[in-house]
Chemist: 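Input: one structure, supplied below.
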Amino acid sequence: MKILILNGPNLNLLGTREPEVYGDQTFESYFKSLKSKFSEIDLDYFQSNIEGEIISKIQEVGFSFDGIILNAAAYTHTSVGIGDAVKAIDTPVIEVHISNTHQREEFRHISYISPGAKGVILGFGLQSYDLAIQSFL
Ligand code: CA2
C-alpha cells in the first residue's frame with residue numbers, strides 16, 4: 001500500500017516555534033516513527049510552502065497511490081485550487097490538522113479541502129496523522 005503524507009506551508013517549522021499549539025517534535029522525527037510503526041506501508045512524505053507544488057504533487061500521485069494524507073495548513077482555508085485538485089483525482093484524501101481548527105479563529109473554520117476529502121481528522125496533535133494512516137488499513 002502506497003500512502004503520501006503531504007504537508008503545506010510552514011509545517012517545516014514544526015518543533016521550532018509555537019510548541020503550545022503544534023508540539024515540540026519536528027515532522028522529520030515524527031515521520032521516522034511512523035515509518036517504523038507502519039513498516040508494512042510504503043509511506044512517502046512531501047512538504048511545500050508553494051501552492052502550485054502541492055497541486056502538482058496531488059496530480060502526480062493521485063491516480064496511482066492508495067491514499068493521500070493532506071494537511072494543507074493555511075491553504076486549507078484559502079485554496080480553491082488545492083480543493084479542486086483533491087476532487088479531480090481518484091486516490092482518496094484524508095484531511096488532517098494538528099490543532100482543532102474549530103476552537104481557533106473563525107477563518108480557520110472554513111476548509112476548501114473537506115468537500116472533496118474522504119474524511120477529516122483534526123485536533124489530536126501529530127497523532128492525527130497516525131489515525132489517518134489507520135483509517136486506510
Ligand atoms: O492545525 C493544523 O494542522 C493547521 O493546518 C496548521 C496550519 C494552520 O494555518 C491551520 O489553520 C491549521 C499552520 C501550520 C504552521 O505550522 C507552524 C509550526 C510551527 C511554527 C509555526 C507554524
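Here the structure is a predicted model, which is why all the values come from computation and not from measurement. In listed order, ligands and their atoms are each counted from 1.
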Chemist: R17 heavy atoms, cut-off 4.0 Å: which ligand 1 atoms fall inside?
Modeler: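 Checking each atom against R17, I get 19 (C), 20 (C).
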Chemist: Give me the residue, atom name and distance of the protein heavy atom closest to atom 21 (C) of ligand 1.
Modeler: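 For this ligand atom, the closest protein heavy atom is E18 OE2, 3.7 Å.
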Chemist: Could you list which atoms of ligand 1 come closer than 4.0 Å to a heavy atom of A74?
Modeler: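 The atoms of ligand 1 under 4.0 Å from a heavy atom of A74 are 9 (O).
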Chemist: At under 4.0 Å between heavy atoms, is it the side chain or the backbone of N71 that contacts ligand 1, or both, or neither?
Modeler: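 Answer for N71: side chain.
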Chemist: I want to check something: taking the side chain as every heavy atom from C-beta on, are F46 and L4 in contact at a cut-off of under 4.5 Å?
Modeler: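 Contact flag for F46/L4 side chains = yes.
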Chemist: Check whether the ring centres of Y129 and F31 lie less than 6.0 Å apart, and answer yes or no.
Modeler: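 Not close enough - the centres of the two rings lie 6.0 Å or further apart.
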Chemist: Nearest to atom 12 (C) of ligand 1, what protein heavy atom do you find, and at what distance?
Modeler: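 I find the closest protein heavy atom is T101 CG2, 3.7 Å.
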Chemist: Starting from atom 1 (O) of ligand 1, what is the nearest protein heavy atom, named by residue and atom, and what distance separates them?
Modeler: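 For atom 1 (O) of ligand 1, the nearest protein heavy atom comes out as S99 OG, 2.6 Å.
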Chemist: For atom CZ of F136, is the number of surrounding heavy atoms from other residues, nucleotides or ligands below 6.0 Å larger than 12?
Modeler: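 Enclosed: over 12 neighbouring heavy atoms sit under 6.0 Å from CZ of F136.
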Chemist: Would you check whether T76 reaches within less than 4.0 Å of ligand 1, judged by its heavy atoms?
Modeler: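 False for this residue.
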Chemist: For ligand 1, which atoms, with element, lie under 4.0 Å from some heavy atom of H77?
Modeler: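 Near H77, meaning under 4.0 Å from one of its heavy atoms, ligand 1 has 10 (C), 11 (O).
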Chemist: What residue and heavy atom of the protein are closest to atom 18 (C) of ligand 1, and at what distance?
Modeler: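 Going by distance alone, atom 18 (C) of ligand 1 is nearest to Y22 CD1, 3.6 Å.
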Chemist: What protein heavy atom sits nearest atom 2 (C) of ligand 1, and how far away is it?
Modeler: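 The answer is I98 N, 3.3 Å.
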Chemist: Checking a contact table here: which protein heavy atom is nearest atom 15 (C) of ligand 1, and how many Å away?
Modeler: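 Closest protein heavy atom to atom 15 (C) of ligand 1: N10 CB, 3.6 Å.
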Chemist: Got a sec, which pairs hit side chain to side chain donor-acceptor pair (under 3.5 Å) with one end in residues 56-66, sequence neighbours left out?
Modeler: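 Passing the test, one end in residues 56-66: K57-E60.
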Chemist: Any donor-acceptor pair under 3.5 Å linking the side chain of Q47 with the backbone of L6?
Modeler: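 No; judged by distance alone, with no hydrogens or angles, the pair does not exist.
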Chemist: Can a donor-acceptor pair be found, under 3.5 Å and without considering hydrogens, that links the side chain of S114 to the backbone of S111?
Modeler: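 No, the answer is negative, given that no donor and acceptor are paired below the 3.5 Å cut-off.
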Chemist: For the side chain of E95 and the backbone of A117, is there at least one donor-acceptor N/O pair under 3.5 Å apart?
Modeler: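 Looks like no, no N/O pair under 3.5 Å.
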Chemist: So do V96 and L70 actually touch side chain to side chain, heavy atoms under 4.5 Å?
Modeler: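 No. Closest side-chain heavy atoms not under 4.5 Å.
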Chemist: Just jot down the salt bridge (Lys or Arg N to Asp or Glu O under 4.0 Å) partners of K2, sequence neighbours excluded, or say none.
Modeler: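 For K2 the salt bridge (Lys or Arg N to Asp or Glu O under 4.0 Å) partners, ignoring immediate neighbours, are D42.
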Chemist: Do any N/O atoms on R104 end up under 3.5 angstrom from N/O atoms on ligand 1?
Modeler: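 N/O-N/O distance below 3.5 Å does not exist for this pair.
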Chemist: In the protein, which heavy atom is nearest to atom 9 (O) of ligand 1, and how far is it?
Modeler: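 Looking at atom 9 (O) of ligand 1, the protein heavy atom closest to it is R108 NH1, 2.9 Å.
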Chemist: To which protein heavy atom is atom 14 (C) of ligand 1 closest, and what is the distance rounded to 0.1 Å?
Modeler: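 I find the closest protein heavy atom is L11 CD2, 3.7 Å.
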